[in-house]
Amino acid sequence: MQLGSCFLDSLTVTSFFGNAEMRGVFNDRQLMQSWLDVEAALARGQASLGIIPQAAADAISATARLEKLDAAALAADAEDTVHPLVPLVRALTAACPGDAGRYVHLGATTQDVMDTGFVLRARAGLDIVGRQLDELVRLLRRLALRHRSTPMPARTHGQQALPTTFGLRLAVWQSELQRHRARLREMRARLLVTSMGGAAGTMAGYGPQAFALEQAVAEELGLGVADTPWHATSDRFAECLMVLGLVASSGEKLAREVYFLGRTEVGEAYEPQRATQVGSSTMPHKRNPIRCEAVIAAASTLRAQVPLALQTMVAQDDRDMGVGMTLWKLLPECFILIGGVLERLVEVFGDLGVNPDRMRANLDITGGLVLSEAVMLRLAGPLGREQAHHLVMRVVRDSLEQGRPFAEVLRGDPQVAAALPGGDIAELLDPLSYVGHAAALVDRALLTSESP
C-alpha cells in the first residue's frame, strides 16, 4: 500500500474522500508505471542520439509495462533491497528480450526517475483538477445568471446587513475560482519538467550528449527542461500543493455557505438530496448536508498538509531522500483529497436547491431595519450625514427596545417626518429598492471572465 493512501482507499470512506479517477492515478500500480514510462522514454531518447541501439530502445519500451513484469519477483526483491526503484529496474532488465536489458537505466539515477515519474502523475492529477474546476465554475456562472436579481440578505458579522442578490454572491465565488484556474495554468509550466541531474546533479553519467538527451527525453514525455538539476529543490511540488490548498480553502468556504444557508432557521439554499438518501438513522426528517460536510473535512485535512509541503523545501546537500519520501505521502493524499472536494462541490452546485421565497421572507424579518443605511443616506441630504446617522441609530434603538416596527417609529419621529414624506419612507423600506448595482456587478463579473 502506498504511503498515506490507505485511509483514502478504505471502503468505509470512499464515498466521502477522493474520487475514483484520481485514485486511479495515485495508486501503487500507477506509481511504478510512471517510473517505467520514464525508463522507456530515456531509452528512446538515447536511441535517437545513437547512444544505444534502436532495437534495444524498442524492446525496452515494449516491455516497460507493469503487467509484463514478474510481480512476485518484484515483491521479493523489494524486501531484499529495501530500495524503491532497483527491484523495478532489475525486473525490467530481466524481462527485456535479447541483450536489450543491458541498456535499461543507462546513466540514470533513482531520483531522476522517481521525480520525473512524480511529475507525470502530477500532470495527470492536474488535468483532472482542471476539468473539475472548469465544471464547478460553469455551474456557478449558470446559477449567477439565473439569480442575478434574486434578492437575499447580505450578512456581515453573522447578522443581516443590507439586501443583495444571490446572483452576486455566486458571481463572487466563481471569480475566486477563476483566479485559481489562472494559478493552476501558470504553475504547470514551472512544475512539468524532467529531472535529469544524474547521481549528484552534474549529469556526468549521461555522457557528452547529456543536454541533447535531456531535451529528447523531455520531448518523449511531453515535459519541459529544467534549467538546473532539482534533486534538492522541491519548490515546484510545494507550489503545486499550495495552489491545491488554495482551491481546497475556497471549496470549503462554498461548502460552509451552503451548510449555513440550509439551516432550518435560514432555509435559503440547500444541498440536493436523493430519494434514497438517509439523513439520520433515527430522525427521518433530517436532510443532512453530508457532501458539504465531506468537503469541509477533506479541505481542512488538505490545508493542514501545506506547511509540510513547505518543509520539503528545506533539503540538505545535493540530495535529501527525507524530502523525497515526504512527497511520496503528500502528493497522493493531496491530489486524492482535492479530487473529492471538487467532485462533491460539482454534485452540490449541479442541483443546488434555491428558495427565493425564503430569501425574500428573511429580508423582511427585521421589519425594515436592514434598510437603515438607505434611510440614513436619504436623511443625510437635509440633515447632514453625522446628524442623520445619530437620528437613525436612535430610531433603530427605540424600535428594538419598544418592539415596534421600524417604519412605525420612523413615521412617528418628528425629525424624520419633517425631512421625509410618508411615501418616501415606504419606498426606502422596500428591499428591492436597495440592492444597488448587484445585477450589473454580476454581468460585469461574467463578461470580464472566461466561461470554461
Side-chain angles (χ1 to χ4, degrees), residues 1-10 14 17-42 60-61 63-93 95 104-105 108-129 191-196 217 220-223 230-231 234 236-237 240-241 244 302 305 308-309 312 319 321-340:
M1 180 67 70
Q2 187 169 304
L3 286 173
S5 65
C6 56
F7 82 97
L8 294 170
D9 289 331
S10 165
T14 291
F17 297 101
N19 70 330
E21 186 178 14
M22 197 70 86
R23 281 192 295 269
V25 172
F26 291 94
N27 58 44
D28 284 344
R29 292 190 63 84
Q30 289 305 313
L31 172 71
M32 290 188 285
Q33 185 57 56
S34 71
W35 296 345
L36 289 171
D37 291 343
V38 176
E39 295 287 0
L42 174 63
I60 292 170
S61 293
T63 310
R65 301 298 308 171
L66 194 59
E67 60 270 17
K68 294 187 176 184
L69 304 185
D70 187 334
L74 260 175
D77 206 11
E79 183 72 21
D80 289 340
T81 61
V82 195
H83 193 280
L85 185 66
V86 164
L88 197 66
V89 171
R90 288 178 176 176
L92 177 58
T93 299
V104 170
H105 198 68
T109 193
T110 294
Q111 193 158 352
D112 280 345
V113 176
M114 290 172 53
D115 283 349
T116 305
F118 287 151
V119 168
L120 292 177
R121 291 203 301 161
R123 179 174 64 187
L126 289 174
D127 288 344
I128 297 171
V129 170
L191 174 64
L192 302 184
V193 296
T194 58
S195 175
M196 291 280 289
V217 172
E220 288 283 347
L221 295 172
L223 299 174
W230 50 278
H231 289 167
S234 299
R236 291 177 174 87
F237 289 124
C240 176
L241 299 185
L244 295 187
L302 193 162
Q305 308 307 308
L308 188 55
T312 67
R319 194 191 300 192
M321 275 307 294
V323 167
M325 294 185 74
T326 302
L327 288 170
W328 289 8
K329 175 181 186 296
L330 283 180
L331 283 174
E333 283 190 4
C334 290
F335 270 102
I336 290 171
L337 287 167
I338 197 63

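Please read these numbers as outputs of a predicted model, since none were measured by experiment.
- Atom CG of Leu88 and atom CG of Leu36 lie 4.0 Å apart (nearest 0.5 Å).
- Using a 4.5 Å cut-off on side-chain heavy atoms (C-beta onward), Ser34 and Phe118 make no contact.
- Relative ring orientation between Phe26 and Phe335 is described as parallel, the plane-to-plane angle staying below 30° on a 0-90° scale split at 30° and 60°.
- Residues passing the side-chain hydrogen bond (donor to acceptor under 3.5 Å, both in side chains) test with Glu220 are Arg44, sequence neighbours excluded.
- A distance of 7.0 Å separates CG of Leu66 from CG of Leu74, quoted to the nearest 0.5 Å.
- The side-chain contact (heavy atoms from CB on, under 4.5 Å) test applied to Thr109 returns Asp112, Ala199, His231, Arg319, not counting sequence neighbours.
- Shortest non-hydrogen contact noted between Ala108 and Val113 is CB-CG2, 4.5 Å.
- Judged as a side-chain contact (heavy atoms from CB on, under 4.5 Å), and not counting sequence neighbours, the contacts of Ser234 are Thr312, Val323, Leu327.
- Residues forming a side-chain contact (heavy atoms from CB on, under 4.5 Å) with Val89 (at least two apart in sequence, or on another chain): Glu39, Leu85, Thr93, Val104, His105.
- Heavy-atom minimum distance, His83 versus Val86: ND1-N, 3.1 Å.
- Take Gln30 and apply the side-chain hydrogen bond (donor to acceptor under 3.5 Å, both in side chains) test, not counting sequence neighbours, and it matches no residue.
- In terms of heavy atoms, Thr81 sits closest to Pro87 at OG1-CG, 3.3 Å.
- Here the CG atom belonging to Leu308 is positioned 9.0 Å from the CG atom belonging to Leu241, to the nearest 0.5 angstrom.
- Taken from CZ in Arg123 to CG in Leu192, the straight-line distance is 6.5 Å, to the nearest 0.5 Å.
- In this view, Ala95 and Thr63, Leu69 satisfy the side-chain contact (heavy atoms from CB on, under 4.5 Å) rule, not counting sequence neighbours.
- Partners of Glu79 by salt bridge (Lys or Arg N to Asp or Glu O under 4.0 Å), not counting sequence neighbours: none found.
- Without hydrogens or angle criteria, Thr116 side chain to Ser195 main chain gives a donor-acceptor distance under 3.5 Å.
- Between Arg121 and Leu31 there is a side-chain heavy-atom pair separated by less than 4.5 Å.
- With sequence neighbours excluded, the residues that form a salt bridge (Lys or Arg N to Asp or Glu O under 4.0 Å) with Asp127 are Arg188.
- Scanning all heavy atoms of the two residues, the minimum distance from Pro84 to Trp328 falls at CB-CH2, 3.3 Å.
- Under the 4.5 Å side-chain criterion, counting only non-hydrogen atoms from C-beta, Met22 is not in contact with Leu337.
- Across every non-hydrogen atom of Cys334 and Leu302, the tightest pair is O-CD1, 3.3 Å.
- Across every non-hydrogen atom of Phe237 and Asp115, the tightest pair is CZ-O, 4.1 Å.
- Contact of the Ile336 side chain with the Phe17 side chain is not registered, since no non-hydrogen atoms from C-beta on lie closer than 4.5 Å.
- Partners of Arg90 by salt bridge (Lys or Arg N to Asp or Glu O under 4.0 Å), not counting sequence neighbours, listed by chain and number: Asp77.
- Using a 4.5 Å heavy-atom cutoff, the side chains of Val193 and Trp230 are in contact.
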**Study point:** Verdict with supporting geometry, Leu120 and Leu223, side-chain contact (heavy atoms from CB on, under 4.5 Å)
**Key:** CA-CA 8 Å; Leu120 292 177; Leu223 299 174; 3.9 Å; yes
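- Here the CG atom belonging to Leu42 is positioned 12.5 Å from the CG atom belonging to Asp37, to the nearest 0.5 angstrom.
- Note: Leu126 CG to Leu244 CG = 6.5 Å, rounded to the nearest 0.5 Å.
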